[in-house]
Amino acid sequence: MQIFKQTFANRYSTPATVEPQQKLFTVIGRQGCRSIVPGNTTPSFIQALKTGVEAVELDIMMSADGQLIVTDHAVITPLNYYHPEIKYDVPVYQLTADELSKFDCGKRFNSRYPYRKMISTSIPVLKDVIGRMEKYILWNHIKPVQYFIDIKTSPETDGIYHPKPEEMVIQLVDLIRTLNISRRCTVISSDVRPLQHVQRLNQKINIALKVENEESVQDNVDALGFTPSIYMLHFHKVTRENMYTIQAGGMRMIPFGANDLLDLNELYAMGVDGLLTDNPDHALKLIEK
């Protein structure tokens with residue numbers, strides 16, 4: 001399947017200076033606001049809402065009793081989670097949602113975030129997190145946010161750390177439909193399979209392909225089988241050339257991993273379509289200039 005019909009030089013001519021303020025630009029709080037509050041927790045998402053961010057990203061796995069759990073760790077370790085009794089590594093997929101709620105994910109110090117608050121908070125269930133955010137939005141009369149939901153699956157770990165993607169996607173799409181937030185949701189994955197299932201089940205939900213390989217834009221889009229709304233690269237891999245290729249193909253380019261103000265500013269000036277960052281408060285200041 002040929003998504004891009006013309007050569008880069010022929011199909012796209014863009015001036016060296018891009019004015020990002022003139023187009024849609026989305027700041028996404030990664031795991032809420034994890035530079036300030038432990039990520040993927042209800043307090044972290046509420047903190048992100050307080051900054052005025054318009055979108056939040058969260059990661060999901062599945063528990064042993066089939067509930068969608070908000071975490072990016074396939075394995076719970078004592079290094080990151082505190083439990084009064086369990087002192088060994090255990091996969092999320094082997095514990096029920098109730099058992100997972102007994103782990104505290106806010107009491108461990110992380111040297112990557114030296115100024116982060118250490119608070120007592122548990123691993124949440126997806127429906128509870130979204131429900132809490134929706135109530136906060138309603139009670140505080142703020143603009144509804146977009147949800148970027150990253151499905152953490154891989155063909156190599158099917159049946160080990162998670163079920164087949166179909167099971168997670170069916171439950172996720174059903175939850176999104178029940179909450180009536182389809183048009184505010186974007187499903188992310190570096191695994192093309194869940195994205196393909198979402199596309200078949202509900203085309204109102206946006207798709208973001210998160211790329212963590214060295215293949216070309218064309219090859220990755222071909223592997224997915226359709227053009228996603230968003231193409232995500234680690235910020236170190238973003239160049240003007242691949243950004244223009246992605247945008248010319250009808251996709252938005254939103255890099256992830258940039259947290260320093262200097263990197264955020266450079267990407268913004270380059271002309272990317274958004275930023276997925278641990279420091280959404282810093283990224284929002286770029287737009288305010």
Side-chain angles (χ1 to χ4, degrees), residues 1-8 10-12 14 23-26 28 55-62 68 126 146-158 162-235 237-239 241-257 271-276:
M1 177 176 62
Q2 290 295 316
I3 303 297
F4 310 113
K5 300 295 184 180
Q6 301 169 295
T7 65
F8 173 77
N10 292 334
R11 70 167 176 263
Y12 203 99
T14 301
K23 64 179 181 179
L24 177 65
F25 188 85
T26 306
I28 310 165
V56 295
E57 181 259 4
L58 44 82
D59 305 287
I60 61 170
M61 305 289 293
M62 182 169 272
L68 296 176
L126 177 63
Q146 302 174 49
Y147 297 103
F148 283 71
I149 303 172
D150 193 341
I151 301 179
K152 313 300 281 189
T153 60
S154 170
E156 293 78 20
T157 53
D158 281 351
H162 52 79
K164 293 280 189 179
E166 297 95 317
E167 186 176 341
M168 296 180 68
V169 168
I170 289 171
Q171 187 175 149
L172 174 60
V173 170
D174 184 60
L175 175 63
I176 290 172
R177 186 183 295 114
T178 300
L179 295 175
N180 194 29
I181 55 173
S182 296
R183 296 190 183 281
R184 286 195 281 133
C185 282
T186 298
V187 173
I188 309 169
S189 188
S190 55
D191 182 355
V192 299
R193 300 173 303 161
L195 302 181
Q196 292 165 343
H197 291 308
V198 172
Q199 178 76 356
R200 285 194 289 268
L201 291 174
N202 189 339
Q203 295 191 9
K204 293 180 182 178
I205 300 173
N206 288 323
I207 301 295
L209 179 61
K210 187 176 184 180
V211 175
E212 298 178 306
N213 59 47
E214 302 300 326
E215 302 298 324
S216 69
V217 175
Q218 178 70 64
D219 287 342
N220 281 310
V221 172
D222 285 349
L224 180 60
F226 60 90
T227 304
S229 303
I230 298 169
Y231 196 97
M232 307 182 88
L233 282 173
H234 190 275
F235 80 101
K237 296 183 178 180
V238 176
T239 65
E241 182 175 357
N242 61 30
M243 181 186 72
Y244 296 157
T245 299
I246 290 161
Q247 292 172 335
M251 297 170 282
R252 298 177 69 207
M253 153 60 85
I254 299 182
F256 61 91
V272 299
D273 298 291
L275 293 165
L276 173 56

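All heavy atoms count here, side chains included; hydrogens, waters and symmetry mates do not.
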Could you give the distance from [atom1] ([X]) to [atom2] ([Y]), rounded to the nearest 0.5 Å?
| X | Y | atom1 | atom2 | result |
| --- | --- | --- | --- | --- |
| Glu57 | Ile188 | CD | CD1 | 5.0 Å |
| Leu201 | His197 | CG | NE2 | 8.5 Å |
| Met253 | Leu233 | CE | CG | 4.0 Å |
| Met62 | Leu126 | CE | CG | 10.0 Å |
| Leu209 | Leu224 | CG | CG | 5.5 Å |
| Phe226 | Gln199 | CZ | CD | 4.0 Å |

Using a 3.5 Å distance criterion without hydrogens, assess whether the side chain of [X] forms a donor-acceptor pair with backbone atoms of [Y].
| X | Y | value |
| --- | --- | --- |
| Thr186 | Ile207 | no |
| His162 | Ser154 | yes |
| Gln247 | Gly271 | yes |

Is there a side-chain contact between [X] and [Y] in this structure, where contact means two heavy atoms from C-beta onward sitting under 4.5 Å apart?
| X | Y | answer |
| --- | --- | --- |
| Leu275 | Phe256 | no |
| Ser189 | Thr153 | yes |
| Met232 | Pro255 | no |

Nearest heavy-atom pair of [X] and [Y]: which atoms, and what distance?
| X | Y | answer |
| --- | --- | --- |
| Met243 | Val272 | SD-N, 3.6 Å |
| Val221 | Pro228 | CG2-CD, 4.4 Å |
| Cys185 | Ile149 | SG-CD1, 4.4 Å |
| Ile230 | Phe148 | CD1-CE2, 3.6 Å |
| Met251 | Tyr231 | SD-CD1, 4.0 Å |
| Asp273 | Arg252 | O-NH2, 2.8 Å |

With a 3.5 Å cut-off and sequence neighbours excluded, list the donor-acceptor pairs that the side chains of residues 165-183 form with protein atoms.
{"unit_1": "Gln171", "atom_1": "NE2", "unit_2": "Gly66", "atom_2": "O", "d": "2.7"}
{"unit_1": "Thr178", "atom_1": "OG1", "unit_2": "Asp174", "atom_2": "O", "d": "2.8"}
{"unit_1": "Ser182", "atom_1": "OG", "unit_2": "Asn202", "atom_2": "ND2", "d": "3.2"}

Among Asn220, Asp150, Leu195, Ile254, find the residue that satisfies the side-chain contact (heavy atoms from CB on, under 4.5 Å) test when tested with Lys210.
->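 So, applying the side-chain contact (heavy atoms from CB on, under 4.5 Å) to Lys210 and each of Asn220, Asp150, Leu195, Ile254, only Asp150 qualifies.
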With Glu214 via side-chain contact (heavy atoms from CB on, under 4.5 Å) - residues at least two apart |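 Counting only residues at least two positions away or on another chain, Glu214 forms a side-chain contact (heavy atoms from CB on, under 4.5 Å) with Lys237.
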Go through the steps to decide whether Ile151 and Asp191 satisfy the test side-chain contact (heavy atoms from CB on, under 4.5 Å), and finish with yes or no.
-> CA-CA 8 Å; Ile151 301 179; Asp191 182 355; over 6 Å; no
List the steps, then state whether side chain to side chain donor-acceptor pair (under 3.5 Å) holds for Thr245 with Asn242.
-> CA-CA 5 Å; Thr245 299; Asn242 61 30; over 6 Å; no
